[in-house]
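Every chain is numbered from 1, with letters handed out A, B, ... down the list of sequences. The shown structure was predicted, so the numbers you read here are calculated from the model rather than taken from an experiment.
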Protein chains: 2
Amino acid sequence: MTAGARGGYAKGRAKRTEILDQAMALFGEAGYRGASLRVIATRCGISHPGLLHHFPTKEALLLAVLQRRDDVDDEWLALGVTRGIDHLRRLVDLAELNAKRRGIVELFSVVAAEATSPDHPAHAYFEARYRTSVANTERAYAQAREAGELRDGVEPAAAAQQFIALMDGLQIQWLFSDCTTDMAGVLRGYVQAQLTVRF
Amino acid sequence: MTAGARGGYAKGRAKRTEILDQAMALFGEAGYRGASLRVIATRCGISHPGLLHHFPTKEALLLAVLQRRDDVDDEWLALGVTRGIDHLRRLVDLAELNAKRRGIVELFSVVAAEATSPDHPAHAYFEARYRTSVANTERAYAQAREAGELRDGVEPAAAAQQFIALMDGLQIQWLFSDCTTDMAGVLRGYVQAQLTVRF
DNA sequence: CCTACCGATCGGTAGG
DNA sequence: CCTACCGATCGGTAGG
(Lines give C-alpha, C1' and ligand atoms only; values in the text may rest on other atoms or scores of the structure.)
Protein backbone atom coordinates (compact mmCIF):
# COMPACT_ATOMS: atom_id res chain seq x y z
CA MET A 1 0.00 0.00 0.00
CA THR A 2 1.40 3.38 -0.96
CA ALA A 3 1.06 6.53 1.07
CA GLY A 4 -2.42 7.99 0.96
CA ALA A 5 -3.98 4.59 0.39
CA ARG A 6 -6.60 5.37 3.01
CA GLY A 7 -10.23 5.61 1.99
CA GLY A 8 -11.30 2.16 0.88
CA TYR A 9 -14.58 3.62 -0.31
CA ALA A 10 -12.87 5.87 -2.84
CA LYS A 11 -10.90 2.92 -4.13
CA GLY A 12 -14.08 0.86 -4.45
CA ARG A 13 -15.76 3.64 -6.35
CA ALA A 14 -12.80 3.92 -8.71
CA LYS A 15 -12.88 0.18 -9.40
CA ARG A 16 -16.59 0.38 -10.02
CA THR A 17 -16.03 3.09 -12.61
CA GLU A 18 -13.27 1.07 -14.23
CA ILE A 19 -15.62 -1.89 -14.52
CA LEU A 20 -18.31 0.26 -16.14
CA ASP A 21 -15.80 1.60 -18.67
CA GLN A 22 -14.46 -1.82 -19.60
CA ALA A 23 -17.96 -3.30 -19.73
CA MET A 24 -19.14 -0.54 -22.04
CA ALA A 25 -16.24 -1.27 -24.37
CA LEU A 26 -16.79 -5.02 -24.46
CA PHE A 27 -20.59 -4.86 -24.72
CA GLY A 28 -19.99 -2.58 -27.69
CA GLU A 29 -17.44 -4.88 -29.32
CA ALA A 30 -19.21 -8.18 -28.76
CA GLY A 31 -22.78 -7.33 -27.78
CA TYR A 32 -24.37 -8.32 -24.48
CA ARG A 33 -24.59 -12.01 -25.30
CA GLY A 34 -21.13 -12.14 -26.82
CA ALA A 35 -19.41 -10.38 -23.93
CA SER A 36 -18.29 -12.42 -20.91
CA LEU A 37 -17.87 -11.36 -17.31
CA ARG A 38 -14.51 -13.11 -17.21
CA VAL A 39 -13.06 -11.00 -20.01
CA ILE A 40 -14.38 -7.76 -18.52
CA ALA A 41 -12.99 -8.73 -15.12
CA THR A 42 -9.59 -9.62 -16.54
CA ARG A 43 -9.37 -6.23 -18.25
CA CYS A 44 -9.95 -4.66 -14.84
CA GLY A 45 -7.33 -6.84 -13.20
CA ILE A 46 -9.76 -8.80 -11.01
CA SER A 47 -11.45 -12.20 -11.06
CA HIS A 48 -14.98 -12.58 -12.31
CA PRO A 49 -16.43 -13.28 -8.86
CA GLY A 50 -14.66 -10.07 -7.88
CA LEU A 51 -16.65 -8.26 -10.54
CA LEU A 52 -19.87 -9.85 -9.27
CA HIS A 53 -19.11 -8.30 -5.89
CA HIS A 54 -19.71 -4.87 -7.49
CA PHE A 55 -22.59 -5.86 -9.79
CA PRO A 56 -24.71 -8.86 -8.73
CA THR A 57 -25.53 -10.12 -12.24
CA LYS A 58 -24.49 -9.58 -15.84
CA GLU A 59 -27.87 -8.01 -16.48
CA ALA A 60 -27.39 -5.48 -13.66
CA LEU A 61 -24.02 -4.57 -15.12
CA LEU A 62 -25.50 -3.89 -18.56
CA LEU A 63 -28.27 -1.72 -17.18
CA ALA A 64 -25.76 0.23 -15.05
CA VAL A 65 -23.62 0.85 -18.14
CA LEU A 66 -26.59 2.08 -20.19
CA GLN A 67 -27.97 4.21 -17.37
CA ARG A 68 -24.67 5.94 -16.76
CA ARG A 69 -24.32 6.87 -20.43
CA ASP A 70 -27.83 8.25 -20.57
CA ASP A 71 -27.33 10.28 -17.41
CA VAL A 72 -24.21 11.92 -18.83
CA ASP A 73 -25.81 12.58 -22.22
CA ASP A 74 -29.09 13.85 -20.82
CA GLU A 75 -27.25 16.36 -18.67
CA TRP A 76 -25.18 17.44 -21.65
CA LEU A 77 -28.29 17.84 -23.82
CA ALA A 78 -29.80 20.04 -21.09
CA LEU A 79 -33.20 18.67 -21.98
CA GLY A 80 -35.18 21.02 -19.75
CA VAL A 81 -33.44 24.12 -21.05
CA THR A 82 -32.92 24.06 -24.82
CA ARG A 83 -35.90 24.44 -27.11
CA GLY A 84 -36.67 24.40 -30.81
CA ILE A 85 -33.75 24.34 -33.20
CA ASP A 86 -31.35 24.84 -30.28
CA HIS A 87 -32.30 21.35 -29.18
CA LEU A 88 -31.75 19.99 -32.71
CA ARG A 89 -28.36 21.68 -32.71
CA ARG A 90 -27.51 19.93 -29.46
CA LEU A 91 -28.40 16.57 -30.98
CA VAL A 92 -26.15 17.22 -33.96
CA ASP A 93 -23.35 18.32 -31.64
CA LEU A 94 -23.82 15.10 -29.71
CA ALA A 95 -23.36 13.15 -32.93
CA GLU A 96 -20.17 15.13 -33.55
CA LEU A 97 -18.94 14.35 -30.05
CA ASN A 98 -19.81 10.65 -30.42
CA ALA A 99 -17.67 10.50 -33.55
CA LYS A 100 -14.72 10.70 -31.16
CA ARG A 101 -16.03 7.93 -28.91
CA ARG A 102 -16.37 4.78 -30.97
CA GLY A 103 -17.10 2.69 -27.87
CA ILE A 104 -20.29 4.57 -27.11
CA VAL A 105 -21.55 4.36 -30.69
CA GLU A 106 -20.84 0.64 -30.76
CA LEU A 107 -22.57 0.11 -27.44
CA PHE A 108 -25.84 1.70 -28.47
CA SER A 109 -25.90 0.41 -32.03
CA VAL A 110 -25.08 -3.17 -31.19
CA VAL A 111 -27.05 -3.55 -27.97
CA ALA A 112 -30.11 -1.74 -29.32
CA ALA A 113 -30.30 -4.17 -32.23
CA GLU A 114 -29.83 -7.13 -29.88
CA ALA A 115 -32.53 -5.71 -27.61
CA THR A 116 -35.20 -5.79 -30.30
CA SER A 117 -35.68 -9.36 -29.08
CA PRO A 118 -38.50 -9.16 -26.49
CA ASP A 119 -36.72 -11.32 -23.92
CA HIS A 120 -33.48 -9.28 -24.00
CA PRO A 121 -32.68 -7.71 -20.60
CA ALA A 122 -32.47 -4.24 -22.14
CA HIS A 123 -35.61 -4.55 -24.27
CA ALA A 124 -37.83 -2.39 -22.05
CA TYR A 125 -34.99 0.08 -21.59
CA PHE A 126 -34.56 0.72 -25.32
CA GLU A 127 -38.29 0.71 -25.98
CA ALA A 128 -38.70 3.56 -23.50
CA ARG A 129 -35.57 5.30 -24.76
CA TYR A 130 -36.84 5.44 -28.35
CA ARG A 131 -40.22 6.69 -27.21
CA THR A 132 -38.74 9.61 -25.25
CA SER A 133 -36.08 10.41 -27.87
CA VAL A 134 -38.67 10.73 -30.62
CA ALA A 135 -41.06 12.63 -28.33
CA ASN A 136 -38.39 15.15 -27.28
CA THR A 137 -37.33 15.68 -30.88
CA GLU A 138 -40.94 16.11 -31.97
CA ARG A 139 -41.38 18.80 -29.31
CA ALA A 140 -38.29 20.60 -30.63
CA TYR A 141 -39.69 20.55 -34.18
CA ALA A 142 -43.07 21.77 -32.91
CA GLN A 143 -41.38 24.71 -31.18
CA ALA A 144 -39.52 25.50 -34.40
CA ARG A 145 -42.86 25.46 -36.20
CA GLU A 146 -44.31 27.97 -33.71
CA ALA A 147 -41.28 30.20 -34.21
CA GLY A 148 -41.89 30.13 -37.96
CA GLU A 149 -38.53 28.49 -38.61
CA LEU A 150 -39.91 25.37 -40.30
CA ARG A 151 -40.61 25.08 -44.02
CA ASP A 152 -44.12 24.33 -45.21
CA GLY A 153 -44.87 20.64 -45.39
CA VAL A 154 -42.45 19.59 -42.65
CA GLU A 155 -44.49 17.69 -40.11
CA PRO A 156 -42.94 17.57 -36.59
CA ALA A 157 -43.92 13.97 -35.79
CA ALA A 158 -42.61 12.55 -39.07
CA ALA A 159 -39.51 14.75 -38.98
CA ALA A 160 -38.66 13.59 -35.46
CA GLN A 161 -39.01 9.93 -36.35
CA GLN A 162 -36.85 10.45 -39.43
CA PHE A 163 -34.22 12.34 -37.48
CA ILE A 164 -33.79 9.57 -34.89
CA ALA A 165 -33.78 6.89 -37.59
CA LEU A 166 -31.16 8.83 -39.51
CA MET A 167 -28.92 9.06 -36.44
CA ASP A 168 -29.12 5.30 -35.87
CA GLY A 169 -28.58 4.36 -39.49
CA LEU A 170 -25.63 6.71 -39.84
CA GLN A 171 -23.97 5.17 -36.81
CA ILE A 172 -24.01 1.75 -38.48
CA GLN A 173 -22.54 3.16 -41.68
CA TRP A 174 -19.99 5.11 -39.65
CA LEU A 175 -18.84 1.94 -37.89
CA PHE A 176 -18.47 0.08 -41.20
CA SER A 177 -16.69 2.99 -42.86
CA ASP A 178 -13.86 3.06 -40.30
CA CYS A 179 -15.28 6.24 -38.81
CA THR A 180 -14.96 8.24 -42.04
CA THR A 181 -18.69 8.92 -42.45
CA ASP A 182 -19.43 12.52 -41.43
CA MET A 183 -22.43 11.84 -39.21
CA ALA A 184 -22.85 15.39 -37.92
CA GLY A 185 -22.43 16.88 -41.39
CA VAL A 186 -25.16 14.69 -42.88
CA LEU A 187 -27.53 15.46 -40.02
CA ARG A 188 -26.83 19.18 -40.31
CA GLY A 189 -27.63 19.08 -44.01
CA TYR A 190 -30.81 17.14 -43.37
CA VAL A 191 -32.10 19.64 -40.80
CA GLN A 192 -31.00 22.69 -42.78
CA ALA A 193 -33.18 21.57 -45.70
CA GLN A 194 -36.21 21.67 -43.38
CA LEU A 195 -35.62 25.17 -42.03
CA THR A 196 -36.31 28.67 -43.29
CA VAL A 197 -33.44 30.06 -41.21
CA ARG A 198 -29.71 29.42 -41.07
CA PHE A 199 -28.90 26.30 -38.99
CA MET B 1 -41.39 -44.50 -46.06
CA THR B 2 -44.57 -43.39 -47.71
CA ALA B 3 -45.37 -43.87 -51.36
CA GLY B 4 -43.46 -41.56 -53.63
CA ALA B 5 -40.53 -41.30 -51.24
CA ARG B 6 -38.17 -41.72 -54.15
CA GLY B 7 -35.77 -38.92 -55.03
CA GLY B 8 -33.32 -38.54 -52.15
CA TYR B 9 -31.82 -35.47 -53.77
CA ALA B 10 -35.11 -33.60 -53.70
CA LYS B 11 -35.55 -34.49 -50.05
CA GLY B 12 -32.06 -33.29 -49.26
CA ARG B 13 -32.71 -30.04 -51.01
CA ALA B 14 -35.95 -29.55 -49.11
CA LYS B 15 -34.19 -30.15 -45.80
CA ARG B 16 -31.50 -27.69 -46.79
CA THR B 17 -34.13 -25.06 -47.45
CA GLU B 18 -35.83 -25.80 -44.15
CA ILE B 19 -32.51 -25.32 -42.35
CA LEU B 20 -31.94 -21.98 -44.08
CA ASP B 21 -35.42 -20.80 -43.06
CA GLN B 22 -35.04 -21.81 -39.44
CA ALA B 23 -31.51 -20.41 -39.28
CA MET B 24 -32.68 -17.09 -40.66
CA ALA B 25 -35.36 -16.92 -37.98
CA LEU B 26 -33.02 -17.77 -35.10
CA PHE B 27 -30.13 -15.58 -36.28
CA GLY B 28 -32.68 -12.77 -36.37
CA GLU B 29 -34.07 -13.51 -32.93
CA ALA B 30 -30.80 -14.11 -31.12
CA GLY B 31 -28.07 -12.81 -33.42
CA TYR B 32 -25.27 -14.95 -34.81
CA ARG B 33 -23.46 -15.35 -31.51
CA GLY B 34 -26.65 -15.94 -29.54
CA ALA B 35 -28.03 -18.59 -31.90
CA SER B 36 -26.96 -22.20 -31.49
CA LEU B 37 -26.73 -24.95 -34.07
CA ARG B 38 -28.49 -27.31 -31.68
CA VAL B 39 -31.60 -25.12 -31.47
CA ILE B 40 -31.72 -24.62 -35.23
CA ALA B 41 -31.29 -28.36 -35.78
CA THR B 42 -34.02 -29.23 -33.26
CA ARG B 43 -36.45 -26.90 -35.02
CA CYS B 44 -35.73 -28.83 -38.22
CA GLY B 45 -36.23 -32.17 -36.52
CA ILE B 46 -32.61 -33.30 -36.84
CA SER B 47 -29.53 -33.48 -34.63
CA HIS B 48 -26.87 -30.81 -34.78
CA PRO B 49 -24.30 -33.06 -36.45
CA GLY B 50 -27.06 -33.71 -38.95
CA LEU B 51 -27.19 -30.01 -39.66
CA LEU B 52 -23.41 -29.89 -40.05
CA HIS B 53 -23.77 -32.49 -42.78
CA HIS B 54 -25.54 -29.81 -44.88
CA PHE B 55 -23.41 -26.83 -43.81
CA PRO B 56 -19.87 -27.54 -42.61
CA THR B 57 -19.64 -24.73 -40.05
CA LYS B 58 -21.85 -22.21 -38.29
CA GLU B 59 -20.15 -19.46 -40.28
CA ALA B 60 -20.95 -21.15 -43.60
CA LEU B 61 -24.57 -21.42 -42.52
CA LEU B 62 -24.79 -17.70 -41.74
CA LEU B 63 -23.25 -16.70 -45.06
CA ALA B 64 -25.59 -19.05 -46.92
CA VAL B 65 -28.58 -17.48 -45.16
CA LEU B 66 -27.46 -13.93 -46.01
CA GLN B 67 -26.57 -14.80 -49.59
CA ARG B 68 -29.92 -16.44 -50.26
CA ARG B 69 -31.80 -13.37 -49.02
CA ASP B 70 -29.73 -11.03 -51.13
CA ASP B 71 -30.18 -13.17 -54.23
CA VAL B 72 -33.96 -13.10 -53.82
CA ASP B 73 -34.05 -9.36 -53.13
CA ASP B 74 -31.62 -8.41 -55.89
CA GLU B 75 -33.72 -10.28 -58.41
CA TRP B 76 -36.86 -8.60 -57.11
CA LEU B 77 -35.21 -5.17 -57.28
CA ALA B 78 -34.28 -5.87 -60.92
CA LEU B 79 -31.12 -3.86 -60.42
CA GLY B 80 -30.05 -3.88 -64.04
CA VAL B 81 -33.43 -2.76 -65.33
CA THR B 82 -34.98 -0.05 -63.18
CA ARG B 83 -33.47 3.42 -63.24
CA GLY B 84 -33.96 6.77 -61.53
CA ILE B 85 -37.03 7.18 -59.37
CA ASP B 86 -38.29 3.79 -60.52
CA HIS B 87 -35.43 2.29 -58.58
CA LEU B 88 -36.25 4.39 -55.51
CA ARG B 89 -39.85 3.21 -55.79
CA ARG B 90 -38.64 -0.37 -55.81
CA LEU B 91 -36.68 0.22 -52.63
CA VAL B 92 -39.74 1.68 -50.92
CA ASP B 93 -41.84 -1.25 -52.12
CA LEU B 94 -39.23 -3.58 -50.68
CA ALA B 95 -39.60 -1.87 -47.31
CA GLU B 96 -43.36 -2.35 -47.60
CA LEU B 97 -42.88 -6.03 -48.39
CA ASN B 98 -40.42 -6.47 -45.52
CA ALA B 99 -43.03 -5.10 -43.11
CA LYS B 100 -44.75 -8.45 -43.61
CA ARG B 101 -41.60 -10.46 -42.94
CA ARG B 102 -40.36 -9.64 -39.46
CA GLY B 103 -37.77 -12.41 -39.60
CA ILE B 104 -35.92 -10.81 -42.49
CA VAL B 105 -35.89 -7.37 -40.88
CA GLU B 106 -34.60 -8.88 -37.64
CA LEU B 107 -31.91 -10.81 -39.46
CA PHE B 108 -30.42 -7.82 -41.23
CA SER B 109 -30.82 -5.33 -38.37
CA VAL B 110 -29.39 -7.58 -35.69
CA VAL B 111 -26.61 -9.27 -37.65
CA ALA B 112 -25.50 -6.05 -39.35
CA ALA B 113 -25.01 -4.40 -35.96
CA GLU B 114 -23.17 -7.46 -34.67
CA ALA B 115 -21.01 -7.46 -37.79
CA THR B 116 -19.66 -3.96 -37.18
CA SER B 117 -17.07 -5.82 -35.11
CA PRO B 118 -14.10 -6.40 -37.46
CA ASP B 119 -13.67 -10.06 -36.49
CA HIS B 120 -17.31 -10.99 -37.08
CA PRO B 121 -17.71 -13.63 -39.83
CA ALA B 122 -20.12 -11.39 -41.76
CA HIS B 123 -18.09 -8.20 -41.39
CA ALA B 124 -16.72 -8.16 -44.94
CA TYR B 125 -20.11 -9.19 -46.28
CA PHE B 126 -21.93 -6.21 -44.75
CA GLU B 127 -19.14 -3.80 -45.55
CA ALA B 128 -19.50 -4.67 -49.25
CA ARG B 129 -23.29 -4.70 -49.00
CA TYR B 130 -23.44 -1.14 -47.68
CA ARG B 131 -21.01 0.06 -50.30
CA THR B 132 -23.06 -1.32 -53.18
CA SER B 133 -26.42 -0.32 -51.66
CA VAL B 134 -25.35 3.30 -51.30
CA ALA B 135 -23.69 3.29 -54.74
CA ASN B 136 -26.78 1.87 -56.46
CA THR B 137 -29.03 4.39 -54.72
CA GLU B 138 -26.68 7.23 -55.63
CA ARG B 139 -26.87 6.17 -59.26
CA ALA B 140 -30.67 6.25 -59.09
CA TYR B 141 -30.62 9.78 -57.66
CA ALA B 142 -28.13 10.87 -60.32
CA GLN B 143 -30.45 9.55 -63.05
CA ALA B 144 -33.34 11.43 -61.46
CA ARG B 145 -31.20 14.57 -61.55
CA GLU B 146 -30.53 14.09 -65.27
CA ALA B 147 -34.24 13.68 -65.86
CA GLY B 148 -34.88 16.96 -64.06
CA GLU B 149 -36.94 15.25 -61.39
CA LEU B 150 -34.77 16.32 -58.46
CA ARG B 151 -35.21 19.56 -56.53
CA ASP B 152 -32.37 22.06 -56.40
CA GLY B 153 -29.95 21.43 -53.58
CA VAL B 154 -30.53 17.67 -53.41
CA GLU B 155 -27.13 16.06 -53.83
CA PRO B 156 -27.22 12.41 -55.05
CA ALA B 157 -24.36 11.14 -52.88
CA ALA B 158 -25.70 12.64 -49.66
CA ALA B 159 -29.29 11.69 -50.49
CA ALA B 160 -28.29 8.07 -51.10
CA GLN B 161 -26.43 7.80 -47.82
CA GLN B 162 -29.39 9.34 -46.00
CA PHE B 163 -31.86 7.03 -47.70
CA ILE B 164 -30.01 3.87 -46.68
CA ALA B 165 -29.47 5.18 -43.13
CA LEU B 166 -33.16 6.00 -42.90
CA MET B 167 -34.12 2.47 -43.96
CA ASP B 168 -31.88 0.93 -41.32
CA GLY B 169 -32.97 3.26 -38.53
CA LEU B 170 -36.63 2.78 -39.34
CA GLN B 171 -36.26 -0.98 -39.13
CA ILE B 172 -34.99 -0.71 -35.56
CA GLN B 173 -37.89 1.55 -34.60
CA TRP B 174 -40.31 -0.75 -36.40
CA LEU B 175 -39.08 -3.77 -34.41
CA PHE B 176 -39.45 -1.89 -31.11
CA SER B 177 -42.87 -0.54 -32.04
CA ASP B 178 -44.40 -3.99 -32.53
CA CYS B 179 -44.40 -3.46 -36.28
CA THR B 180 -46.67 -0.39 -36.13
CA THR B 181 -44.15 2.06 -37.61
CA ASP B 182 -45.06 2.76 -41.25
CA MET B 183 -41.61 2.27 -42.77
CA ALA B 184 -42.68 2.59 -46.40
CA GLY B 185 -44.84 5.62 -45.67
CA VAL B 186 -42.02 7.51 -44.01
CA LEU B 187 -39.61 6.66 -46.83
CA ARG B 188 -42.14 7.73 -49.45
CA GLY B 189 -42.60 11.07 -47.70
CA TYR B 190 -38.86 11.55 -47.48
CA VAL B 191 -38.29 10.94 -51.20
CA GLN B 192 -41.34 12.93 -52.29
CA ALA B 193 -39.91 16.02 -50.56
CA GLN B 194 -36.80 15.72 -52.76
CA LEU B 195 -38.66 15.47 -56.08
CA THR B 196 -40.27 17.94 -58.46
CA VAL B 197 -42.63 15.25 -59.75
CA ARG B 198 -45.25 13.04 -58.15
CA PHE B 199 -43.69 9.97 -56.49
C1' DC C 1 -11.52 -9.28 -3.11
C1' DC C 2 -9.71 -14.73 -3.84
C1' DT C 3 -9.83 -20.09 -5.35
C1' DA C 4 -12.52 -23.71 -6.53
C1' DC C 5 -16.35 -25.43 -8.04
C1' DC C 6 -21.42 -26.17 -10.04
C1' DG C 7 -24.49 -27.48 -14.10
C1' DA C 8 -25.33 -26.03 -18.63
C1' DT C 9 -24.18 -25.16 -23.19
C1' DC C 10 -21.26 -24.22 -26.98
C1' DG C 11 -19.07 -25.64 -32.06
C1' DG C 12 -17.08 -29.34 -33.94
C1' DT C 13 -15.35 -34.30 -34.58
C1' DA C 14 -15.11 -39.60 -34.44
C1' DG C 15 -17.03 -43.42 -36.00
C1' DG C 16 -20.54 -45.60 -37.78
C1' DC D 1 -28.51 -38.83 -41.04
C1' DC D 2 -27.39 -40.91 -35.79
C1' DT D 3 -25.05 -41.38 -30.75
C1' DA D 4 -21.40 -40.23 -28.09
C1' DC D 5 -17.88 -37.63 -27.15
C1' DC D 6 -14.05 -33.67 -27.09
C1' DG D 7 -12.19 -29.26 -24.90
C1' DA D 8 -13.66 -24.73 -24.00
C1' DT D 9 -16.43 -21.41 -21.98
C1' DC D 10 -20.42 -19.57 -19.86
C1' DG D 11 -23.03 -17.09 -15.44
C1' DG D 12 -23.33 -17.79 -10.89
C1' DT D 13 -22.40 -19.75 -6.08
C1' DA D 14 -19.83 -21.70 -1.84
C1' DG D 15 -16.85 -20.70 1.45
C1' DG D 16 -13.46 -18.18 3.06
**Report entry** T180(A) versus D178(A), side-chain donor and acceptor atoms under 3.5 Å
**Finding:** no
Query raised in the report: For E155(A) and Y141(A), does a side-chain donor sit closer than 3.5 Å to a side-chain acceptor?
Result: no
Requested in this report: Remember a base hit wins even if backbone is also touched, and classify A60(B) as base, sugar-phosphate or nothing at under 4.0 Å, heavy atoms.
Outcome: nothing
Report task. Applying salt bridge (Lys or Arg N to Asp or Glu O under 4.0 Å), run through D21(B) and R43(B) and close with a yes or a no. Result -> CA-CA 10 Å; D21(B) 285 337; R43(B) 291 190 185 182; over 6 Å; no
Query raised in the report: After noting the C-alpha distance and the side-chain angles of F55(B) and L20(B), does the key distance pass the side chain to side chain contact (heavy atoms under 4.5 Å, CB included) rule?
Result: CA-CA 10 Å; F55(B) 301 92; L20(B) 288 171; 3.7 Å; yes
Query raised in the report: Atom CG of L62(A) to atom P of dG11(D): distance rounded to whole Å?
Result: 12 Å
**Report entry** Distance, rounded to the nearest Å, where L37(A) contributes CG and dT13(D) contributes P
**Finding:** 11 Å
Query - Y125(B) and Q67(B): side chain donor to acceptor below 3.5 Å - result: no
Query raised in the report: Which residue pairs pass the ring-ring contact (aromatic ring centres under 6.0 Å, His included) test with at least one member in residues 78-120 of chain B, sequence neighbours excluded?
Result: Y32(B)-H120(B)
Report task. Please report, rounded to the nearest Å, how far the P atom of dG12(C) is from the NE2 atom of H53(B). Result -> 16 Å
Report summary line: Rounded to whole Å, CZ of R38(A) lies from P of dG11(D) at a distance of 7 Å
Report task. Name the closest nucleotide to the S47(A) side chain, picking from dC2(C), dC1(D), dG12(C). Result -> dC2(C)
Query raised in the report: Atom CG of L61(B) and atom C1' of dC10(C): how far apart are they, to the nearest Å?
Result: 15 Å
Query raised in the report: Taking atom P of dC2(D) as reference, at what distance in whole Å does atom CG of L51(B) sit?
Result: 10 Å
Report task. When you get a sec, tell me which of dG11(D), dG11(C), dC1(C) is the closest nucleotide to the side chain of H54(A)? Result -> dC1(C)
Requested in this report: Take P49(A) and V39(A), find for each the nucleotide of DNA chain D with the closest heavy atom, and name the residue whose nucleotide sits nearer the 5' end.
Outcome: V39(A)
Query raised in the report: For DNA chain D, which consecutive runs of 3 or more Watson-Crick or G-U pairs (each distance under 3.5 Å) count as stems?
Result: C:1-16 with D:1-16
Report summary line: Value for CD (E18(A)) from CG (L51(A)), rounded to nearest 0.5 Å, stands at 10.5 Å
Query - H48(B) NE2 to dA8(C) P, straight-line distance once rounded to whole Å - result: 18 Å
Query - Nearest-nucleotide 5' precedence on DNA chain C, L52(B) against G34(B) - result: G34(B)
Query raised in the report: Which part of the nucleic acid does S36(A) contact within heavy-atom distance under 4.0 Å: base, sugar-phosphate only, or nothing?
Result: sugar-phosphate
Report task. Could you check whether A41(B) gets within reach of a base, just the sugar-phosphate, or nothing at all, counting any heavy atom under 4.0 Å? Result -> nothing
Query raised in the report: Please give, in whole Å, the distance from dT9(D) P to I40(A) CD1?
Result: 16 Å
